[in-house]
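Here's the structure, in C-alpha cells; my notes come after.
This one's a predicted model, so the numbers in the text were calculated from it and none came from an experiment. Letters A, B, ... are given to chains in the order of the sequence lines, protein chains preceding strands, and every chain is numbered from 1.
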Amino acid sequence: MRDWLRSILLPAEGTSYAGSVDSLFFFLFYMGVFFFLLIAGLLTYFLIRYRRRGPDDRTPYIVKNHKLEVVWTLIPLSLVIFIFFWGFHTYMDAAVSPGDAMEIRVTARKWVWEFEYPNGIRSLNELHVPLNKPVKLLMTSEDVIHSFYVPTFRIKQDVLPNTYTQLWFTAKEPGMHRLFCAEYCGTSHSDMLGRIFVDDEKTYNEWLETGGDEGKDMPLAEFGAMLFKSRGCNTCHTIDGTRGEGPSFRGVFGSQVKLQDGSTVLADENYIRESILRPQAKIVAGYQPIMPTFEGMLREREINALVEFIKAQR
Amino acid sequence: MSETPVVIEQHGHAPFLQHHFHTAEQQADASKIGMWLFLVTEVLLFGGLFVGFAVMQSMHPEAFFAAHHHLDRTLGLINTLVLLVSSYTMVMAVDSARRGKQRALMIYLLLTLMFAAVFLGIKYIEYSHKFHEGLLPGKYYSHAGDTVPGQFMFFSFYFMMTGLHGIHIVLGMAAITWLCFRARRGDFSPAYYTPVDMVGLYWHLVDIIWIYLFPLLYLIQ
Amino acid sequence: MADVMALKPGVGGQAAPNYLTASRGLKSWLFTLDHKRIGVMYLASVLAAFLIGGVFAMLIRMELLTPGPTLMSAEAYNKAFTLHGVVMIFLFIIPSIPAALGNFALPLMLGAKDVAFPRLNLASYWLYLAGALMGVVAMVSGGIDTGWTFYTPYSSSTGGAVSLMTLAAFVLGFSSIFTGINFIATIHKLRAPGMTWFRMPLFAWSMYATAIIQILATPVIGITLLLLVMERVFNVGIFDPKLGGDPVLFQHFFWFYSHPAVYIMILPGMAVISEVIPCFSKKPIFGYKAVAYSSVAIALVSFLVWGHHMYVSGQTPVASAIFSFLTFLVAIPSAVKVFNWLATMYRGSISFQAPMLYAIAFLLLFAIGGLTGIVLGTLSVDVHLHDTYFVVAHFHYVMMGGTVIAFLAGLHYWWPKMFGRMYSEKWARISAALVFVGFNLTFFAQFLVGSRGMPRRYYNYLEEFQPLHIVSTVGSWVLAAGFFLMAGYLYASLRKPIDAPANPWGATGLEWQTSSPPSVHNFDHVPVVTTEAYAYATETEETTVGAR
C-alpha cells in the first residue's frame, strides 16, 4: 500500500533519511485525508439532512458549547505539537553532519553546478559520490541565490553568494539521481539541472583516478555532443540557429564573427578554444559578457571534443 | 471603548461637522484614532530602516564606527535642540487653539515653521559638506584616504534615513502652512481644533524619530 | 430561490434616487466621497486586474502544456509568471474583499452613513489607480522577471522595469494602509446605536483583524521595496553580497510583510463566509466569540511566522524550529473557524443559492489548503516540498480556493444590494460548478507534480510530469469558461430594470434593512440595534424561516 502510494505521491527513496521523511509525510497524508473526510462527510450529511424543506422550517437557537470549542481546539493543538516535534527531530538529523563525511565543494552560477572533489578533480553538472558513505557538500554561489535540490534524497538547501551553506547525505541507492535548482535564478533556471551518480566504492575511485574519463572510447564529435549537454553549454547556446543567451553554434565555425568592439575575427579552432576557456576575451556583438570561464575545468580531450563538435555544426 | 449608544444630538449643523458623524466628539475621536494608526505606520516605515542599519552595523562595526567620525556632532546637537524647541512651540500652538487664542496660535505656528526651516538649513550645510567630500551613498561614494573599507554603507543609511526624515519635515511644514491659512480664516475654535491637534501629533513623531536618529548616526560608541 | 423572493415582492427603490442614480457623469464618480461608489469603482478595477492576471495565468498554463518551448520563450515565461503574481496579489486579491466589497458593505452593516474618513477612502482609490497605472507602464516598458517575491540579489541585478514595479507596489501598499486605517476608525466610532462589539457582524471583526495587519505589516514592505529601489539606483549595499550586504535580510523583510499579507487576503474571505453560512442555513452563527477572537488571534500570530518561508535559506535551525512551532499555532484558529461554520449548519434550514454554493466550495477547498499547510509547516517535510509545485498548489487552494471563492460568494451575496438586480440563479449554479471542477483539475494535479519533485517557476520540465500538466492546463480552460459565463450573466443582470427586493436572502444584517440599491445616505433613519447579530433564531421564540 505504502509503496503504491509512494509511487504516486513521491519520488524514489535514495537515502535512508528519505525513508524517515516519508514516514512523517505519510502520517501527515493519512491525517489530512482523515480530517478532510471528516469535514466533507459532516458537510455532506448536513447539506442533505438539513436542506430547506419549505418556508415553514424552524431552526433551533444553538449558539455555543464551550466543551465542544475546547475539544476542537485542543485535539488539533496536541496533534500539531506532536507533528512539530517529529518534524523537528528529522530536520535536525539532516542539519547535523557526521564528522567523518567526505567534503565536496559546490559552486553554483547561472546556470551550472560545479563540483570539486578532495583530490582536486572538478566536474560540471555531474556529481559522483560513493555508495553508503556520508558526503558533505560545502556550497556557495558566484552570482544570485540558487538552491540545491535532490528530490530522491529529500534534501534541499539554498546556495548563497558570499556565504557557505552545507548539506549532507548518505546515498544508499546506486544509479543516477536528479539534481534541480529550486530557487528561481533567471532565464535558464529550469535548465540548471544536474545528475548525481552513486557508484560502489571501486567504480567511484576509478572515476576519481581518471578524473571521470568518460567517453574515452567515443569519437571526438560524439563525445563533444555529450559534453554539450552534460556541461550545460545547451542552457545558453543552441545548435539550430535560434538565439539564446549566447550565440548559436550553427554555422559559426569558419565564419567572420563581429565583436563588441566593432572588429571581426575568423572563427577558427583557436578562437573557439579561447571562447570556451576565456570567454570574456572576445565578446560577440549583441551579447552580454555573462559566460563563466572554463579555464582549468575541462581536460584537453574535452576541449578538443567540444571544438570538434562546434566545427560539425554547419 | 465605551459601549453606550451614541446620543444623537440634532444641534444645528456646525460647519466643521461632517455629515456622517453624529457629534463633534465622535468626529474628533475618529480623527485621533486615524492619526495614531497613521503614526504607527510611520514608526514601522522607519523601523525597517533602523533594523537594516542595526544588521549592517553588526556586520561592519569598524566601517560604521570610522564613518561616523565624518559627521559633525555639534551641528547634529544643534539640530536636535532646534527640533525639540519646535516641538515645544507646536505644543503651545495646540494649547492656544484649545483656548481659542487666535493670535498666539498663529505666532506659535509661524515659530514652529521657522524652527523647521532652521533645521533644514543646517541639514543643507551638513549635506553640502558631505557632497563636497564625496561622502555619498552607494556607488557615488568617493571619499579619498579611507583606512577602513566599506564606509559607503554607513552613508547609504545616513542619507536614506535623514533623507526620509527630511521629507517628513517638508511634509510637516506644508501641513503647518495649511494650518496657518485655516487659522487666518478663523476655522479653529475651542470647539474645533482637531487639525491643529493632528498635525501636532505628526510633528512630535517627526521630532521623536530625529531623537533616535541623532545618537544612532552621530554618537556610535 | 423563487419562494424566498416571492415573500417580499419588489420593494426596490425605483422612485427615489439611489446612490447609483443620484448623480451622473464620470466626475461624479471619480470625485465621489460615497463609500458605496468607491466600493463599486474598486470592484470594477479589481475585476479588470483579475482579467489581466487571469490572461497571464492562461498563458502560463498553455506554455506548460508541453515540456520545452510551447508558445513563448523562457524570458517571456518568466515575465508572465511574475506579472501573474504581482497583478493578482497587489492589484486583485489584497483589495478584492476589503476595498471593493468591504467598502460597500461594512458601513451599511454597521448602520453608518459612511466610513470615518471618506476623503482618505477616495485617496486610497486614487493611489490604487496610480499604482495600477505604474504597474501597467512597468509591464509594457520591459516587464519584470523577478517573481513576485523580488528576491535579491537577482532582483537588484536583473534588467527590466523592476524599480517602477516595486514603486507601484509601494504606492499600492499605501492604498491598502489607508483602507485599513479607515476601517478601524469606522468600526470603533461609527457603529449604530446599540451595536456593541459583540453585536457586530463577524464580517466587521474579520475586517478589523485584516486592518491591523494592513497597518502593521504594509509599511515594512514599503520600506523594503524602497530599499530595493535604492539598491538598484545607488548600489547602497544592504542586500548585495558583493558590497558586504545580506541578500537573506531581504527575505526576512519581505516575509515579515508577505506572510501576514496572506492573512490580509484570507481573513476577509473568512469574513464573507461567516455572513453567508448563517444566512443560508437560517441559523445564528455557532461560537460567535470563538470565530471573532480567532480572527484577532490569526492577525497577531501571523506576525511571528514569517521564517517558515525560509527553512532552507540558511537561517539557523533554531530559528526554523521556532518559526515552525508558531506556524502550527496559527493553524489552530483557522481550524476552529471551520468547525464553528460546520456546527452552524447543524439543524439549520439550508438553501442552495449561489452564495451558499460558493461557501460550500470554500469549506472544501480551504480544508485542503489548510491541511496541506500543516504538511508545509513541518520542518523536514517542507525541506523536500519547499519551492516545488506543492507550494504553488497549496497557495492557490488557500488564496483562490479560499479567498477568491469567498470573494465570489460575497459578490453574489451583495450583488442585489449593490446594483438592485437579481442575476440568473440557474446560470450562477452552472458557473459555480464549472469553477469548482476547473479549479480542482488545475491545482490538484499540481500537488502531485510538486510532491514528486518538480520545482516551481520552471519553464522546461521532465517529460514524466507532462500528463499531470495536461490535466492542469485543461482544468484552467474549464475554470476560464466558468468565469466567462459568470461575466455574462452578471452583465446581463445589469441590463434589466431594478428588480431586487431590499432583502432577497431573508438576511438579518443592517445592510438588508435599506433599499436595494441603497440611497446616498444609506439609511432614512439611523437604525438602532437591539439584538445579537445573526438573529435567525432567538432564545425565546422559534420563528419559521418564511416569516423573515
For this session: Heavy atoms only, distances under 4.5 angstrom: which of B/Leu37, B/Val43, B/Asp29, B/Leu164 has the most pairs with chain C? Name it, please.
Result: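 Going by pairs under 4.5 Å, I would pick B/Leu37.
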Under a 4.5 Å heavy-atom cut-off, does chain B meet the side chain of [X], its backbone, both or neither?
| X | value |
| --- | --- |
| C/Arg119 | side chain |
| C/Ile177 | side chain |
| C/Val115 | backbone |
| C/Leu120 | neither |
| C/Leu190 | both |
| C/His252 | neither |

Working to the nearest 0.5 angstrom, can you tell me the gap between [X] [atom1] and [Y] [atom2]?
| X | Y | atom1 | atom2 | result |
| --- | --- | --- | --- | --- |
| B/His19 | C/Asp114 | NE2 | CG | 5.0 Å |
| C/Gln214 | B/Thr41 | CD | OG1 | 12.0 Å |
| C/Ile223 | B/Phe50 | CD1 | CZ | 10.5 Å |
| C/Glu231 | B/Ser156 | CD | OG | 8.0 Å |
| B/Lys32 | C/His188 | NZ | NE2 | 14.5 Å |
| C/Lys113 | B/His22 | NZ | NE2 | 6.5 Å |

Shortest non-hydrogen contact from [X] to [Y]?
| X | Y | result |
| --- | --- | --- |
| C/Ala185 | B/Ala30 | CB-O, 4.1 Å |
| C/Leu249 | B/Met56 | CD2-CE, 3.8 Å |
| B/Gln18 | C/Pro118 | NE2-CD, 4.4 Å |

Take a 6.0 Å sphere around [atom1] of [X] and say whether it holds more than 12 heavy atoms from other residues, nucleotides or ligands.
| X | atom1 | result |
| --- | --- | --- |
| B/Arg184 | CZ | no |
| C/His521 | NE2 | no |
| B/Glu42 | CD | yes |

For this session: List the steps and the verdict of side-chain contact (heavy atoms from CB on, under 4.5 Å) for C/Phe253 and B/Val51.
Result: CA-CA 9 Å; C/Phe253 275 179; B/Val51 171; 3.7 Å; yes
For this session: May I ask you to test the C/Leu227-B/Leu49 pair for a side-chain heavy-atom distance under 4.5 Å?
Result: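 They are in contact (side-chain heavy atoms under 4.5 Å apart), so the answer is yes.
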Exercise. Can you tell if the side chain of C/Ile184 reaches within under 4.5 Å of the side chain of B/Ile33, non-hydrogen atoms only?
Worked result: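 Yes, side chains in contact.
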Could you have a look at [options] and say which one has the most heavy-atom pairs with chain B under 4.5 angstrom?
| options | answer |
| --- | --- |
| C/Gly222, C/Gly245, C/Pro107 | C/Gly245 |
| C/Asn522, C/Val529, C/Val220, C/Leu216 | C/Leu216 |
| C/Thr218, C/Thr224, C/Leu243, C/Asp246 | C/Leu243 |

Exercise. For the ring pair C/His35 and B/His20, is the centre-to-centre distance below 6.0 Å?
Worked result: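 No, the ring centres sit 6.0 Å or more apart.
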Problem set entry | Region of B/Met153 that comes under 4.5 Å of a non-hydrogen atom in chain C |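 Both parts, backbone and side chain.
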For this session: Sort B/Phe157 into side chain, backbone, both or neither according to what part of it lies under 4.5 angstrom from a heavy atom of chain C.
Result: side chain
Side-chain atoms of residues 130-141 of chain B: list all donor-acceptor pairs with protein atoms under 3.5 Å, sequence neighbours left out, distances to 0.1 Å.
residue: B/Lys139; atom: NZ; partner: C/Val233; partner atom: O; Å: 3.4
residue: B/Tyr141; atom: OH; partner: B/Asp146; partner atom: OD2; Å: 2.6

